[in-house]
Amino acid sequence: MIPTLIQRRGAQHLAEEEAARAPADTVALNPPRAVLELIPESVARENNILPLALEGPILYVATADAANIFLRDKLTFIVNKDIRFVEYPRAQVLHAIRQHYGTTRFESVDSMLSARPESASYAYERDSDDEDEGEYARQAVARPAPKKKARSRGFLGGKIADVSRSLVEFKKGTKGADNSPDFELCDEMLDAPAGGPGAMQSGEERAPNFGRDGMFRYTVEEGQRVLATHTSGRVEVVVGPRRVWKWGKRFERMRHFVAHPGDFLVVRFRDGRQEHVAGPAEIWFDPRVHEQITRQEALQLAAKEAVVVYSKAIENAPITRRLVYGPTLFVPAPGEWLHTFSWHGADGGSQGQRKVANGLVFQKLWLMPDQMYHDVTDVRTADDAVLTIKLMMFFELLDIDRMLEATHDPIGDFVNAATSDVVDFLGHHTFEEFKKDTGKLNELETYKQLTARAAQNGYRVNKVVYRGYGAPDRLQAMHDQAIEARTKLQLERATEEQSQSLEDYKLNAQMNRAARRRTEQAVEVDTEIDMARKRQEAERLQKEAERTASREQRRRDAESAQEARRQADEHQRAHLAQLKDMGVDLTALLTQGRADRVIELRGGKGMNPHLHLDSAETNGEAS
């Protein structure tokens with residue numbers, strides 16, 4: 001049988017987390033009742049699991065198949081917890097399930113059959129509706145099974161056993177025999193040691209034997225098969241549903257092996273051949289043809305994962321190598337095996353950055369960018385100070401073929417190359433210079449040997465991060481004292497600087513307040529002057545407007561008066577013109593009643609009158 005596939009992945013950061021997965025108190029399969037109640041009994045029995053411990057949102061579960069991702073998802077959905085599997089042998093898990101959940105009626109009958117056949121016959125003779133039947137079964141299981149004496153497997157012994165069973169069936173009656181199925185497994189399977197030819201193997205169906213053994217006939221129900229061995233030695237396969245005569249035959253249940261999706265059956269034939277049948281598939285074990293049938297899980301490859309497969313087709317053919325990339329379910333063909341890598345890895349615990357040889361054993365290569373911690377211990381500076389340099393390296397696998405041809409442990413090569421680069425760097429720096437130039441440890445140019453070796457191995461170093469350093473106690477104490485003294489001086493200087501800064505702040509504040517006060521006063525004066533100027537200007541404009549309005553009013557009044565006189569004169573002229581047209585003496589009319597004296601001069605033609613008025617009397621002269 002080919003070895004069980006290794007399920008671990010070649011990722012440094014995942015390998016360092018595996019050491020802390022299981023809780024500390026899961027050595028004994030003895031969980032508290034509150035934890036047992038998290039998973040229903042039917043689910044525990046169906047999947048052969050047992051809850052162990054609950055730590056926050058994480059539920060630790062014991063199982064014989066810790067790599068079953070489908071079962072993990074199923075339990076996560078049922079209990080709404082983060083499931084972490086802890087691998088235990090299958091026999092221990094089954095024993096713990098029976099111990100904590102108890103045994104079912106069918107399991108009790110099986111135990112009775114395997115321990116004391118005569119007690120089992122007596123139990124079956126009881127009526128099925130007897131309310132004490134379960135108690136009898138539990139007592140039968142609780143009693144330790146006595147050691148059975150070697151029984152003769154010859155023809156006579158088999159016939160005597162058949163006659164005994166027939167008598168029991170006869171006492172029960174035909175109706176009772178038809179309605180009471182026989183759950184007994186074949187004697188070879190019950191008596192065989194674990195792992196032996198007759199013991200239940202991985203992938204074998206755990207269904208009970210539904211064959212009914214009557215007085216004269218053996219009934220094989222539908223879905224079952226048995227091997228009928230004649231007294232002549234001929235073996236016949238009986239496929240149910242079918243009833244056959246018992247006389248001269250010995251019946252043995254055929255073992256049924258099933259592979260579900262994600263599994264495959266390893267079939268080894270008696271002629272030396274071997275086949276791998278991928279699930280879903282089923283095979284009935286025929287001892288005439290098959291030597292052994294076992295079920296194994298196909299190797300689950302996620303995206304960015306790969307395995308190295310070696311194969312040898314025929315005896316003298318050369319061994320070939322190929323790469324299988326995920327995502328896929330890998331089923332190895334007969335004659336194929338996987339390359340098992342054994343690299344330096346973390347030893348777990350709090351010293352996860354310390355790498356040890358063969359600390360990481362796996363078959364799945366991790367093709368995504370990865371990282372790991374590494375401490376370079378006992379490195380001396382130029383002035384003989386011993387330090388421990390803490391690094392974190394980020395790298396990525398680019399060429400698997402080159403890696404296989406160039407190295408058998410790339411992580412060990414990285415550790416050695418990084419150590420060499422750090423030793424060279426510190427050898428050219430004193431302790432004080434090292435503290436000033438620690439930033440260079442974050443640059444890839446410092447790690448020439450590391451980057452060159454990674455390229456030779458098919459890797460690429462993306463970044464190296466300097467995480468700090470450690471020093472011996474004496475050096476660290478001296479360094480701490482120096483740091484304390486420098487810190488004290490720095491604090492005193494900072495205190496004095498703060499005091500002086502406070503004084504400067506106060507002085508500057510006073511000067512700023514005085515400057516603001518002067519500025520405010522100047523602004524007030526300018527404002528007052530501007531307001532006075534604006535008032536004067538407003539008054540001047542108001543007076544000017546008043547004078548302009550007065551002149552305009554007088555002009556309008558003069559124009560109005562002049563217009564009135566003009567209209568009066570026009571009216572008078574028109575009136576006088578009418579009077580003149582009517583023959584009125586306008587002179588007499590106009591002068592009538594308006595002169596102090598009226599002097600009338602009359603003459604005829606040719607006369608030139610002349611009038612002289614004395615100025616003394618009239619203040620005028622006329623002629």
Side-chain angles (χ1 to χ4, degrees), residues 1-2 4 45-48 64-65 89-91 93-94 106-107 109-111 113-115 117 120 151 153 158 161 165 181-213 218-230 233-244 246 249-298 331 334:
M1 184 178 64
I2 65 174
T4 303
R45 294 185 182 276
E46 178 185 358
N47 301 280
N48 293 326
D65 188 6
R90 179 182 181 83
V93 177
L94 291 176
F106 294 149
E107 291 175 343
V109 174
D110 292 340
S111 301
L113 288 172
S114 61
R151 294 182 297 174
R153 294 296 178 181
R165 284 193 294 268
D182 183 9
F183 295 97
E184 181 180 6
L185 299 177
C186 64
D187 293 338
E188 287 79 359
M189 296 173 60
L190 291 173
D191 297 338
M200 283 192 173
Q201 302 293 332
S202 175
E204 183 176 355
E205 183 184 8
R206 262 61 176 182
N209 184 8
F210 286 103
R212 297 179 181 179
D213 194 3
Y218 188 90
T219 303
V220 182
E221 294 193 356
E222 185 176 1
Q224 300 296 321
R225 296 184 184 183
V226 296
L227 290 175
T229 305
H230 297 260
R234 183 173 59 90
V235 179
E236 177 188 0
V237 178
V238 182
V239 181
R242 187 177 173 185
R243 298 183 70 185
V244 295
K246 293 178 55 177
K249 302 181 182 68
R250 181 172 60 89
F251 298 95
E252 179 183 357
R253 174 191 173 188
M254 293 188 69
R255 302 163 70 180
H256 188 209
F257 291 85
V258 179
H260 299 284
D263 301 331
F264 67 95
L265 294 176
V266 180
V267 185
R268 305 188 71 175
F269 296 90
R270 297 177 66 89
D271 58 1
R273 294 182 296 112
Q274 180 172 310
E275 291 183 1
H276 295 178
V277 182
E282 63 171 354
I283 296 178
W284 293 89
F285 183 83
D286 190 344
R288 300 171 299 173
V289 180
H290 305 125
E291 178 185 355
Q292 187 182 41
I293 300 177
T294 57
R295 181 185 65 187
Q296 292 190 14
E297 289 190 2
V331 176

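The first residue in the sequence is number 1, and the count goes up from there.
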Quick check: do [X] and [Y] have side-chain heavy atoms less than 4.5 Å from each other?
X: L94; Y: N48; result: yes
X: E236; Y: V244; result: no
X: L227; Y: P287; result: yes

At their closest point, which heavy atom of [X] faces which heavy atom of [Y], and how far apart are they?
X: L265; Y: A259; answer: CG-CB, 3.6 Å
X: H256; Y: E282; answer: NE2-OE1, 2.5 Å
X: A64; Y: V93; answer: N-CG2, 4.5 Å
X: W284; Y: Q224; answer: CH2-CA, 4.0 Å
X: R270; Y: R288; answer: CD-O, 3.2 Å
X: H290; Y: I283; answer: CE1-CG2, 3.9 Å

Note to self: Rounded at 0.5 Å granularity, tell me how far CD in E222 sits from CZ in R242.
What the structure shows: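 Here the interatomic distance stands at 15.0 Å.
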
Notebook entry, point to check: If you measure from CG on D263 to CD on E297, what distance do you get to the nearest 0.5 Å?
Noted result: 5.5 Å

Item checked: Residues Q296, F264; criterion side chain to side chain contact (heavy atoms under 4.5 Å, CB included); working and verdict -> CA-CA 6 Å; Q296 292 190 14; F264 67 95; 3.7 Å; yes

Next item on the list: Take atom CZ of R273 as the centre, draw a 6.0 Å sphere, and report whether it contains more than 12 heavy atoms from other residues, nucleotides or ligands.
Entry: yes

Next item on the list: Take D286 and M254 through the side chain to side chain contact (heavy atoms under 4.5 Å, CB included) test and state the conclusion after the steps.
Entry: CA-CA 7 Å; D286 190 344; M254 293 188 69; 4.3 Å; yes

Margin query: Under the criterion side chain to side chain contact (heavy atoms under 4.5 Å, CB included), I'd like the reasoning laid out for R243 against Y218: C-alpha separation, chi angles, the key distance, then a yes or no.
Written below: CA-CA 6 Å; R243 298 183 70 185; Y218 188 90; over 6 Å; no

Note to self: With side chain to side chain contact (heavy atoms under 4.5 Å, CB included) as the criterion, how do V220 and V239 come out once you've worked through the C-alpha distance, each side chain's angles and the decisive distance to 0.1 Å?
What the structure shows: CA-CA 7 Å; V220 182; V239 181; over 6 Å; no

Note to self: Hydrogens and angles aside, do Q274 and H276 bring a side-chain donor and acceptor to less than 3.5 Å of each other?
What the structure shows: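 Yes, a side-chain donor-acceptor pair sits under 3.5 Å.
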
